Amino acid sequence: GERLRPLTEKTPKPLLKIGEKPILEHNLRRFEKFGVHSIDISTNYLSEKIEEYIENNANSFTTDISILKENSFMGTIGALALKENYSMDTILVSNSDLLTDVDYEDFYLDFIKSNADMSVLSIPYHVDIPYAIMNIKEGFLSEFHEKPRYTYFSNGGIYLLKRELIDLIPKGEPFSATDLMQSVIDHKKEIRTYAHEGYWLDIGRHEDYHQAQKDIKNLQF
């Protein structure tokens, strides 16, 4: 939450409020809505604040919520190796600073149907070029496109993975989700992508935080 200082000097980013609820609660309620019944929250910076929030609100959730406390920064997915046993075959991993209306059921069913080892939520990012783009070969124009739009897909920070992929995560070391993705590729396993066309916002900057405050008035979670 460094980019959101001073808001995050005494409050961990997941507990910043969007509307009437912390970012974390918006996500927990949505997981609960889609039938997730066991959640582990990995914590480090101002961990005690998140632990206190969960303790004070535990009775309002039907989901079993536990804390995975990091002794050092473990990266975006390294904390998964802190837990010894996972009861489910599929694990959902999400960054805690996202606000999204993704349909987790459809995301999950697409993953199961694909028989992939991992699935990554992808967010389309459109780039509009205001000029005609020319394709030139050896100094001669071969074709051109008038004011084209290019679409790229970025990592949406939400993942589904088979339980056995936990074995690819080193214990006690920082490890990011992209590290895991590369390891999956290196082990000749398959990664599915799930394109989300709906609402998605990474609340990493002050302008994102202010945008979320506006958006939440019209969003239905």
Side-chain angles (χ1 to χ4, degrees), residues 1-4 13 18 23 26-27 30 34 75-78 90-162 164-165 168-169 174-221:
E2 293 181 357
R3 291 178 296 169
L4 279 171
K13 183 162 58 169
I18 302 298
I23 302 170
H26 284 293
N27 286 310
R30 191 153 180 83
F34 280 91
T76 53
I77 212 165
T90 303
I91 300 169
L92 170 68
V93 182
S94 174
N95 293 347
S96 62
D97 57 356
L98 301 176
L99 200 61
T100 179
D101 63 357
V102 62
D103 185 330
Y104 287 107
E105 180 180 8
D106 193 61
F107 183 29
Y108 171 74
L109 292 175
D110 179 80
F111 174 59
I112 297 301
K113 183 178 179 180
S114 72
N115 200 34
D117 299 283
M118 182 177 185
S119 184
V120 181
L121 187 81
S122 62
I123 307 301
Y125 185 79
H126 304 295
V127 178
D128 294 309
I129 307 297
Y131 312 104
I133 297 299
M134 300 184 295
N135 287 345
I136 300 173
K137 295 182 179 180
E138 298 179 355
F140 291 91
L141 177 65
S142 59
E143 60 179 350
F144 68 91
H145 303 279
E146 187 68 37
K147 298 179 179 179
R149 162 175 279 202
Y150 297 102
T151 300
Y152 302 91
F153 290 90
S154 61
N155 183 348
I158 303 177
Y159 316 88
L160 285 166
L161 55 136
K162 289 183 177 179
E164 51 265 33
L165 292 190
L168 299 179
I169 301 175
F175 204 70
S176 70
T178 51
D179 289 332
L180 178 59
M181 290 163 63
Q182 186 60 57
S183 183
V184 171
I185 293 170
D186 291 343
H187 283 80
K188 308 300 181 184
K189 296 180 181 293
E190 292 189 325
I191 300 177
R192 174 78 168 171
T193 60
Y194 179 85
H196 177 54
E197 299 284 350
Y199 183 82
W200 179 92
L201 181 65
D202 176 1
I203 307 171
R205 305 168 301 169
H206 282 276
E207 49 264 49
D208 302 321
Y209 182 66
H210 294 310
Q211 185 63 49
Q213 301 291 3
K214 297 177 182 177
D215 295 345
I216 198 66
K217 298 175 183 178
N218 301 310
L219 290 172
Q220 295 294 326
F221 288 121

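Numbering starts at 1 and runs along the sequence shown. Atom set for the values below is all heavy atoms of this structure, side chains included, hydrogens, waters and symmetry mates excluded. In this text the structure is predicted, and so the values were computed from the model without any measurement.
- For the pair Lys13/Ser96, no side-chain contact is recorded, criterion being any heavy-atom separation below 4.5 Å from C-beta on.
- Looking at every heavy atom in both residues, Ile203 comes nearest to Ala212 through CD1-CB, 4.1 Å.
- Residues forming a side chain to side chain contact (heavy atoms under 4.5 Å, CB included) with Asn155 (at least two apart in sequence, or on another chain): Val120, Tyr159, Thr178, Met181.
- You'll find the side chain of Val102 stays beyond 4.5 Å of the side chain of Trp200, heavy atoms only.
- Remark: Leu121 CG to Phe107 CZ distance equals 5.5 Å, nearest 0.5 Å.
- Taken from CD1 in Ile169 to CG in Asp179, the straight-line distance is 10.0 Å, to the nearest 0.5 Å.
- Nearest approach of Ala195 to Phe153, heavy atoms of both residues: CB-CE2, 4.1 Å.
- The line from CG of Leu99 to CG of Asn27 is 7.0 Å long, rounded to the nearest 0.5 Å.
- Here the closest non-hydrogen pair linking Arg30 and Asp101 is NH2-O, 2.8 Å.
- Inspection of the Asp186 and Ser183 side chains reveals no N or O donor paired with an N or O acceptor under 3.5 Å.
- The backbone N or O of Tyr194 sits less than 3.5 Å from a side-chain atom of Ser122, completing a donor-acceptor pair.
- Checking side-chain atoms of His196 against main-chain N and O of Tyr199 turns up a donor-acceptor pair under 3.5 Å.
- Using a distance-only test at 3.5 Å, with no hydrogens or angles considered, no donor-acceptor pair links the side chain of Ser119 to the main chain of Leu160.
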Show the numbers, then the answer: is there a side chain to side chain contact (heavy atoms under 4.5 Å, CB included) between Ile158 and Leu92? CA-CA 7 Å; Ile158 303 177; Leu92 170 68; 3.7 Å; yes

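- For Asp117, the side chain to side chain contact (heavy atoms under 4.5 Å, CB included) partners are Lys162, Leu165, Lys189, Glu190, not counting sequence neighbours.
- Shown here are the side chain to side chain contact (heavy atoms under 4.5 Å, CB included) partners of Pro174, two or more places apart in sequence or in another chain: there are none.
- Although no hydrogens or angles enter the test, the distance criterion places a donor-acceptor pair under 3.5 Å between the side chain of Asp103 and the main chain of Asp106.
- Residues Ile129 and Tyr150 come closest through the heavy atom pair CG1-CE1, 3.7 Å.
- Scanning for side chain to side chain contact (heavy atoms under 4.5 Å, CB included) contacts around Leu109 gives Glu105, with sequence neighbours left out.
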Less than 3.5 Å apart, which donor and acceptor atoms pair up between the side chains of residues 132-145 and the rest of the protein, not counting sequence neighbours?
{"residue": "Asn135", "atom": "ND2", "partner": "Glu143", "partner atom": "OE2", "Å": "2.8"}
{"residue": "Ser142", "atom": "OG", "partner": "Asn135", "partner atom": "O", "Å": "3.0"}

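- Using the six-membered ring where Trp is involved, Phe34 and Tyr104 have ring planes that are perpendicular, over 60° apart on the 30 and 60° scheme.
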Side chain to side chain contact (heavy atoms under 4.5 Å, CB included) between Thr90 and Ile112: does it pass, once the steps are laid out? CA-CA 9 Å; Thr90 303; Ile112 297 301; 4.1 Å; yes

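- Using a 4.5 Å heavy-atom cutoff, the side chains of Leu201 and Asp208 are in contact.
- Residues passing the ring-ring contact (aromatic ring centres under 6.0 Å, His included) test with Phe175: none are found, sequence neighbours excluded.
- Between the OG1 atom in Thr100 and the CD1 atom in Ile123 there is a gap of 6.0 Å [rounded to 0.5 Å].
- Here the closest heavy-atom approach between residue Asp110 and residue Thr193 is recorded as OD2-O, 4.5 Å.
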Quick one, Asp128 with Lys147, criterion side chain to side chain contact (heavy atoms under 4.5 Å, CB included). Give me CA distance, side-chain angles, the key distance, then yes/no. CA-CA 7 Å; Asp128 294 309; Lys147 298 179 179 179; over 6 Å; no

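- Note that CG of Asp97 is 12.0 Å distant from CZ of Arg205, once rounded to the nearest 0.5 Å.
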Under the side chain to side chain contact (heavy atoms under 4.5 Å, CB included) rule, what do Ile18 and Tyr209 come out as? Steps first, then yes or no, please. CA-CA 8 Å; Ile18 302 298; Tyr209 182 66; 3.6 Å; yes

